[in-house]
Engineer: 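Below you will find the structure I want to go over with you.
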2 protein chains.
Amino acid sequence: MLNHKRPTIDDVARLAGLSTATVSRFINGSAVVSAERAAKIKAAIQELHYTPHLAAQMLASNKTRAIGLLLPTISGAFFAPVLRGVETRAIEKGYSLLVHSTQAQAQNAAGKGTFKKILAEHNTDGLLIFAASVDATELSRLHSIGFPVVLLHQASPKEFSLPAITVENKNGVRALIDHLIEDHQRRRIVQLRGPENHDDTYWRDLGYRQSLEAHGIPYEADLIETGGFNTEQARQAMRRILTRGIHFDAVFAGDDESASGAMMALREAGWRIPQDAAVVGFDDLNLAEHLTPPLTTVHSPIEQVASEAVELLVKQIGGEAVPAETLLPTYLVRRNSCGCS
Amino acid sequence: MLNHKRPTIDDVARLAGLSTATVSRFINGSAVVSAERAAKIKAAIQELHYTPHLAAQMLASNKTRAIGLLLPTISGAFFAPVLRGVETRAIEKGYSLLVHSTQAQAQNAAGKGTFKKILAEHNTDGLLIFAASVDATELSRLHSIGFPVVLLHQASPKEFSLPAITVENKNGVRALIDHLIEDHQRRRIVQLRGPENHDDTYWRDLGYRQSLEAHGIPYEADLIETGGFNTEQARQAMRRILTRGIHFDAVFAGDDESASGAMMALREAGWRIPQDAAVVGFDDLNLAEHLTPPLTTVHSPIEQVASEAVELLVKQIGGEAVPAETLLPTYLVRRNSCGCS
DNA sequence: TTGAAAGCGCTAACAG
DNA sequence: CTGTTAGCGCTTTCAA
């Protein structure tokens, strides 16, 4: 397909009048090369437009220089900053990025008997695994072969330890609900929970409960529904709440996308926000400030989690030890959907 | 890092009592292997948990079995179906997917003098290039070395021919504007244009103009603004229109995300949709039916474009000829934001 | 610091 | 249909 054969390291070595080994050392910085020869090599590389053949490097070094990102799905506003953070940092570190949404595979694998691991130790040096992307068996297998892994928005299984990074869910929600109760006198606060078995769901719920408890407000099952961290699901959940005909004066939607869905359902039913019910979210995605009214929420450093995760993974690949758990701080962002002006 | 050395094709061959060549043939289906031996090989592979070493395959075959997807950015609701379509089909075809948003790189490369081609012929077998992701020079270079490329939502440069795939923008918009004029008696229709130098922008504008012309309505520069296919930009563009104090009774927002922004701006200003102004979009993203009111728009088969693009690319990689241009049909979706009930 | 040379695991002639 | 074998382009001992 290509017109000219691409230049090899041998071509460079020949042109520079040196051995391939020296060129290789120069390229990888794996040993000091005399300044004089380094210059020659650099010139030869430029002249030939030489780029190392990745596959050959991999084969010889037994490294892929690629990291894999496993996501449940790539849809949704939430994953944009995740991808951005991961990609930017990965490139910076000289790794290429393989992205795979396990949901896409599930659709695909249905019908076939085979379960092929599209992203694993055979084509990456390490894996970034987002909550709900792979099952415990695979996690355990990766751990057992000592393969570098970082878990995002997901705690390590109890049986063994895999480095995990996430945000301060509980305290964030705590501040959020405190604000609703203390500054806006709301007491009947609906919660639209995220997906079950999702750690964020667990901790956000806990923050919600603790705030209620601290203010002497009982936890009421009637006020709880599952929004699934998803606009459409949240919209329907909100409708179900509305159908119950129960009294409430605020909605904690689980995340911003859910908040958007909750607002739709509320508005359809003729409710005014925040007069009839305050609505708050979590994440502080771009969309938050563009909702009507602008959404009060908890700022979550999503992109930073992503880029820090890459950092942790690369360290592991390099054989360094990394902290078992990293928790990035969150903070309350007051806009208008809570009643602030 | 790994405990056990991974099995090689030699281990499989030894266990099966055959040659590596036969095993290789079986794995790649590159020649017929007798049923009896095939069974033996299959068993050996299972027993050893053998997976081919990708780098070795690449090096020996001079193929990467990876395709690259170049996007301007991964943010935005629009790209979710693109990614889904590409990934699903790529996996199906046995290719892995490398994603790169050129915007992320631009941020990164700023400051450095180097421009490294993160995705190109050295690490992929072919490239899927979305509109506005790479410049003409790089396109020309890829073409000159005969590297497989498919352009998405972007026409081939005039100087040479690269296969391109996109949707029927013009006729879609034509039907949309016709609907506004004929069925809802709108005559002063604002257009929020997409980014300049974007082919979709050009064709959508043409559809808009042709519909106006067909109905004897003059094209008025005052009614035109740039929405950039982006919620926030569109919102601001809409505000600018509003500031002009001119009369209008409908808004063609360029795409659905822009429509969402336009709606926000209109609502802020106290306009009712569709009574005071109809609002219509393009794409028919998931969000369209969830806007208030549900958005009348043009359905664009985004995911299908993506998966068809993979198909075209894989064909090229296989040395097959492919059509220079592929245009997928669009159709009008009437919901309520146009005034339909 | 440098060079020579032995592979890394696999594919693809080539010969049978 | 099957086996033998020569590389693919690079990294990495081992000696010098």
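Throughout, protein chains are lettered first and strands after them, A, B, ... in sequence-line order, and every chain is numbered starting at 1. Heavy-atom basis, side chains included; hydrogens, waters and symmetry copies ignored.
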Engineer: Ignoring hydrogens and angles, are the base of D:dG3 and the side chain of B:Arg25 linked by a donor-acceptor pair under 3.5 Å?
Structural biologist: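 Yes.
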
Engineer: D:dG9 P sits how many Å from A:Arg6 CZ, rounded?
Structural biologist: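 These atoms are roughly 8 Å apart.
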
Engineer: When you check the phosphate oxygens OP1 and OP2 of D:dT11, does a side-chain N or O of A:Asn28 lie under 4.0 Å from one of them?
Structural biologist: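 Checking A:Asn28 against D:dT11: at least one side-chain N or O falls below 4.0 Å of OP1 or OP2.
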
Engineer: Rounded to the Å, how far apart are A:Ile9 CD1 and D:dC8 C1'?
Structural biologist: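 Atom CD1 in A:Ile9 sits about 14 Å away from atom C1' in D:dC8.
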
Engineer: Within this structure, what is the CD1-to-P distance between A:Ile41 and D:dC10, rounded to whole angstrom?
Structural biologist: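 Atom CD1 in A:Ile41 sits about 13 Å away from atom P in D:dC10.
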
Engineer: Let me know the distance between CZ of B:Arg37 and C1' of D:dG3, rounded to the nearest Å.
Structural biologist: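 From B:Arg37 CZ to D:dG3 C1': 10 Å.
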
Engineer: Please state whether the phosphate of D:dG9, meaning OP1 or OP2, lies under 4.0 angstrom from any side-chain nitrogen or oxygen of A:Thr8.
Structural biologist: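 Negative; the distance criterion is not met.
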
Engineer: What integer distance in Å separates A:Met58:CE from D:dG9:C1'?
Structural biologist: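 A:Met58 atom CE is separated from D:dG9 atom C1' by 13 Å.
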
Engineer: In terms of the nearest nucleotide of DNA chain D, which residue is placed more toward the 5' end: B:Leu59 or B:Val32?
Structural biologist: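 Result of the comparison: B:Val32.
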
Engineer: To the nearest Å, give me how far apart CZ (A:Arg14) and P (D:dC10) are.
Structural biologist: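 In whole Å, D:dC10 P lies 12 Å from A:Arg14 CZ.
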
Engineer: Return the value, rounded to whole Å, for the distance between atom CD1 of A:Ile27 and atom P of D:dC10.
Structural biologist: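 Value for this atom pair: 7 Å.
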
Engineer: Specify the separation, in whole Å, of atom CG of B:Asp10 and atom C1' of C:dG7.
Structural biologist: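 Spelled out: CG on B:Asp10 to C1' on C:dG7 is 12 Å.
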
